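Bear in mind that the values here come from a model prediction, so they are computed numbers and not experimental data. Numbered from 1 within each chain, the chains take letters A, B, ... in sequence-line order.
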There are 2 protein chains.
Amino acid sequence: MTKESKIPRPTIERLALYSRPLEIFVKSNIPIISSEKLAELCGVNPAQVRKDLAYFGEFGVRGVGYEVRELLREIKRILGTDRRWSLCIVGMGNLGMSLVENDNFKQRGYDFVAAFDLDPKKVGIELPCGLTIQPAHTIPEQVRAVGIDLGIITTPSREAQRAAELLFRANLKGILNFSAAQVRTPECCIVENVDLSVKLENLVYHLEMLYKEKNVTAQ
Amino acid sequence: MTKESKIPRPTIERLALYSRPLEIFVKSNIPIISSEKLAELCGVNPAQVRKDLAYFGEFGVRGVGYEVRELLREIKRILGTDRRWSLCIVGMGNLGMSLVENDNFKQRGYDFVAAFDLDPKKVGIELPCGLTIQPAHTIPEQVRAVGIDLGIITTPSREAQRAAELLFRANLKGILNFSAAQVRTPECCIVENVDLSVKLENLVYHLEMLYKEKNVTAQ
DNA sequence: AATATATTGTGAAATAATGCACATGATTTG
DNA sequence: CAAATCATGTGCATTATTTCACAATATATT
Ligand SMILES: NC(=O)c1ccc[n+]([C@@H]2O[C@H](COP(=O)([O-])OP(=O)(O)OC[C@H]3O[C@@H](n4cnc5c(N)ncnc54)[C@H](O)[C@@H]3O)[C@@H](O)[C@H]2O)c1
Ligand SMILES: NC(=O)c1ccc[n+]([C@@H]2O[C@H](COP(=O)([O-])OP(=O)(O)OC[C@H]3O[C@@H](n4cnc5c(N)ncnc54)[C@H](O)[C@@H]3O)[C@@H](O)[C@H]2O)c1
């Protein structure tokens with residue numbers, strides 16, 4: 001098992017990616033998929049798919065392919081999404097609201113069990129999803145009491161670190177941070193930062209490259 | 001210039017990251033920053049920072065550091081964010097609404113100039129940001145007429161490919177896709193996929209690893 | 001002005017990730 | 001049942017990325 005700690009990071013990211021088409025295939029009752037087909041659907045190399053999976057076992061049958069249902073089950077087991085995870089969310093602005101109300105999360109095994117905000121005008125509001133917004137200072141007690149697994153931060157950037165501290169001090173183990181601030185945590189707490197404008201800036205860079213190449217080759 | 005095409009992808013991602021603390025330093029009137037400080041703030045290695053920057057020129061002064069204002073200006077020039085970009089957004093549900101109303105984008109140089117939806121109940125609604133939701137079938141003409149640079153897809157996954165096709169057929173060059181579906185485009189159009197539940201699944205995997213290691217070392 | 005200290009830029013080593021190409025085993029066909 | 005076909009699993013070469021370590025250069029100190 002300790003071997004699994006030297007799995008390439010990109011492999012983990014791709015496993016999650018692979019599960020999307022697999023879910024669709026399960027629904028469509030398609031029993032078998034090849035690495036080639038799965039690779040095509042995810043925009044990667046077929047050998048990559050096979051290698052990624054081979055880190056964890058032999059899930060395929062030579063000359064045949066992978067049994068869709070079984071493969072999806074294995075990937076979920078590997079990722080840890082074969083059980084439900086409880087989430088709380090801190091900062092109930094536009095983005096926070098949009099996330100709690102999105103039921104893709106529930107379908108994928110994530111349950112929002114608490115929503116927090118600092119603003120007294122927001123505290124007490126009952127959300128369509130059934131939760132009532134709680135005051136931010138109650139984060140520690142509630143995280144501990146309910147045993148919340150993961151926290152999502154959707155506060156303004158300048159408040160993100162403060163929010164994170166309330167969370168990990170209450171012994172919560174993972175944080176998904178949507179603010180533009182880089183959040184710092186002790187080793188016992190894992191953070192994923194998702195800065196959406198970083199994504200936009202990537203896109204813009206690659207576009208500029210595309211334009212430049214065109215100009216060069218056109219001359 | 002063609003040399004810039006073999007810049008490591010991760011370098012581009014980090015450049016965008018570096019600009020966040022730099023923006024704050026500019027506001028705080030801090031004139032100089034070292035690679036070590038910048039690295040610490042972004043959670044990377046200082047040599048990495050220097051190498052990333054060195055791909056594009058010599059922006060620092062030995063023994064001193066980097067002039068904050070100048071460095072930010074250079075990074076923006078490199079990324080292509082030294083000009084404004086026009087955006088349209090397709091699918092005005094919770095997430096789409098939250099994105100158009102977020103004014104971080106405007107601050108960073110992105111202007112939403114059109115919003116589209118398929119649903120007749122949504123078409124015609126005037127948004128707080130001033131835009132009126134347009135019917136999706138008008139995407140081609142409006143993208144061409146206004147000369148929109150980038151498109152954001154926030155439709156349900158099953159509609160994402162259709163939305164993408166309307167966009168790139170109208171000669172739009174870049175797409176940021178928030179649906180869980182992998183969108184396929186011709187070479188002339190660049191897509192960034194941002195699947196938020198992939199991020200969650202990554203987090204969950206690394207958490208599970210953390211737990212397992214603890215159990216192992218505890219025994 | 002000499003010495004100590006700070007910090008960049010970069011070649012080269014180390015590490016990480018990808019993808020080819022083929023042996024291996026399953027299935028189909030004639 | 002032999003031959004042809006298909007598709008996995010994997011060793012290895014290749015390519016990509018990170019990090020080290022140090023020469024080069026600037027500033028501070030005495
Ligand atoms: N809305 C988007 O589409 C979008 C896009 C990209 C990034 N983001 C980022 O996501 C974050 C949230 O965006 P938003 O548009 O929802 O902002 P918002 O201003 O609408 O909401 C922020 C909410 O956080 C609350 N808050 C502030 N400090 C808090 C604290 N310490 N504890 C708890 N709650 C606190 C505020 O009361 C408010 O309700 C921001 O960091 C933003 O940069 C948002
Ligand atoms: N809301 C979130 O927080 C969140 C989180 C993660 C991922 N996502 C993804 O983002 C997407 C949007 O999420 P949402 O919660 O806003 O969904 P939503 O159902 O609230 O909104 C989708 C909108 O798209 C419109 N639409 C459907 N087909 C269209 C088409 N062909 N052209 C134009 N408009 C069309 C619908 O009328 C609707 O208004 C989904 O793919 C979802 O999986 C959302």
Side-chain angles (χ1 to χ4, degrees), chain A residues 2-18 21-22 25 30-72 74-75 78 202 205-206 209, chain B residues 2-18 21-22 25 30-72 74-75 78 202 205-206 209:
Chain A
T2 327
K3 274 180 212 155
E4 297 196 3
S5 57
K6 54 175 180 250
I7 307 293
R9 264 188 167 263
T11 290
I12 303 306
E13 208 131 317
R14 283 189 298 265
L15 285 183
L17 219 61
Y18 301 156
L22 290 177
F25 276 36
I30 296 169
I32 301 286
I33 192 170
S34 67
S35 61
E36 193 176 340
K37 185 70 185 162
L38 188 53
E40 188 203 322
L41 291 169
C42 297
V44 304
N45 179 298
Q48 183 87 81
V49 171
R50 297 199 295 275
K51 182 147 287 189
D52 285 340
L53 296 172
Y55 282 117
F56 301 95
E58 304 201 358
F59 306 132
V61 181
R62 291 171 187 214
V64 181
Y66 299 88
E67 218 257 292
V68 171
R69 253 169 223 285
E70 189 200 328
L71 185 56
L72 182 56
E74 291 289 353
I75 289 180
I78 293 163
N202 269 261
Y205 171 84
H206 292 293
M209 283 299 105
Chain B
T2 327
K3 273 178 213 156
E4 296 196 3
S5 57
K6 54 177 182 245
I7 307 292
R9 260 186 170 266
T11 290
I12 303 305
E13 208 132 317
R14 282 187 302 265
L15 285 183
L17 219 61
Y18 301 156
L22 291 177
F25 276 36
I30 296 169
I32 301 287
I33 191 169
S34 67
S35 61
E36 193 176 340
K37 184 72 186 162
L38 187 53
E40 188 203 321
L41 290 169
C42 298
V44 305
N45 179 299
Q48 183 90 82
V49 171
R50 298 198 295 277
K51 181 144 287 190
D52 284 341
L53 297 172
Y55 282 117
F56 300 96
E58 303 201 359
F59 305 132
V61 180
R62 289 170 188 219
V64 180
Y66 299 88
E67 218 257 293
V68 171
R69 251 170 224 287
E70 189 200 327
L71 185 55
L72 182 57
E74 290 290 353
I75 290 179
I78 294 162
N202 270 262
Y205 172 84
H206 293 293
M209 284 298 106

K.L.:
Using the side-chain contact (heavy atoms from CB on, under 4.5 Å) definition, which of the options A/Leu53, A/Ile32, A/Leu22 pairs with A/Tyr66?
P.N.:
A/Leu53
K.L.:
Quick one: A/Asp52 CG to C/dT18 P, roughly how many Å, whole number?
P.N.:
7 Å
K.L.:
Rounding to a whole Å, what distance do you find between A/Glu36:CD and D/dT5:C1'?
P.N.:
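Rounded to the whole Å, the gap is 14 Å.
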K.L.:
What is the distance from atom CD of B/Glu74 to atom CD of B/Glu67, rounded to the nearest 0.5 Å?
P.N.:
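One gets 10.5 Å once the value is rounded to the nearest 0.5 Å.
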K.L.:
Between C/dT7 atom P and B/Leu38 atom CG, what is the distance in whole Å?
P.N.:
13 Å
K.L.:
Quick one: closest heavy-atom pair of A/Leu38 and A/Pro21, and the distance?
P.N.:
CD1-CG, 4.0 Å
K.L.:
Could you state the NZ-P distance from A/Lys37 to D/dC6, rounded to the nearest angstrom?
P.N.:
16 Å
K.L.:
Could you run down nucleotides 24-30 of chain C 5' to 3' and tag each one B, S or - for protein heavy-atom contact under 4.0 Å?
P.N.:
BBSS---
K.L.:
Is the shortest side-chain N/O distance from B/Asn45 to OP1 or OP2 of D/dC20 below 4.0 Å?
P.N.:
yes
K.L.:
Establish, with yes or no, whether the OP1 or OP2 oxygen of C/dC22 is under 4.0 angstrom from a side-chain nitrogen or oxygen of A/Arg50.
P.N.:
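So the side chain of A/Arg50 is outside the cut-off, no N or O lying under 4.0 Å from OP1 or OP2 of C/dC22.
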K.L.:
Can you give me the closest heavy-atom contact between B/Ile30 and B/Val68, atom names plus distance?
P.N.:
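Shortest heavy-atom contact: O-CG2, 3.4 Å.
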K.L.:
Applying a 4.0 Å non-hydrogen cut-off, can you work out what B/Ser35 is touching in the nucleic acid: base, sugar-phosphate, or nothing?
P.N.:
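Result for B/Ser35 = sugar-phosphate.
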K.L.:
Rounded to whole Å, please give me the gap between CD in B/Glu58 and P in D/dA24.
P.N.:
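After rounding, the reported distance stands at 14 Å.
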K.L.:
Of all heavy-atom pairs between B/Pro46 and B/Glu36, which one has the smallest distance, and what is that distance?
P.N.:
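Taking B/Pro46 first and B/Glu36 second, the nearest heavy atoms are CB-CA, 4.1 Å.
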K.L.:
Side chain of A/Gln48 only, heavy atoms from C-beta on: which candidate in C/dG9, D/dG9, C/dG19 is closest?
P.N.:
C/dG19
K.L.:
Using the side-chain contact (heavy atoms from CB on, under 4.5 Å) rule, pick out the option among A/Leu41, A/Val49, A/Ile33 that qualifies with A/Tyr18.
P.N.:
A/Val49
K.L.:
Is the phosphate of D/dT17, meaning OP1 or OP2, less than 4.0 Å from a side-chain N or O of B/Tyr55?
P.N.:
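Looking at the OP1 and OP2 atoms of D/dT17, neither is under 4.0 Å from any side-chain N or O of B/Tyr55.
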K.L.:
From NZ of A/Lys51 over to P of D/dT10, roughly how many Å is that when rounded to an integer?
P.N.:
9 Å
K.L.:
Heavy atoms only: give me the nearest A/Ile78-B/Tyr205 pair and the separation to one decimal.
P.N.:
O-CD1, 3.3 Å
K.L.:
Can you tell me the distance, in whole Å, between the CZ atom of A/Arg14 and the C1' atom of C/dA17?
P.N.:
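A/Arg14 atom CZ is separated from C/dA17 atom C1' by 8 Å.
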K.L.:
How many Å lie between CG on B/Leu53 and P on C/dT8, as a whole number?
P.N.:
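Taking atom P of C/dT8 as the reference, CG of B/Leu53 is at 9 Å.
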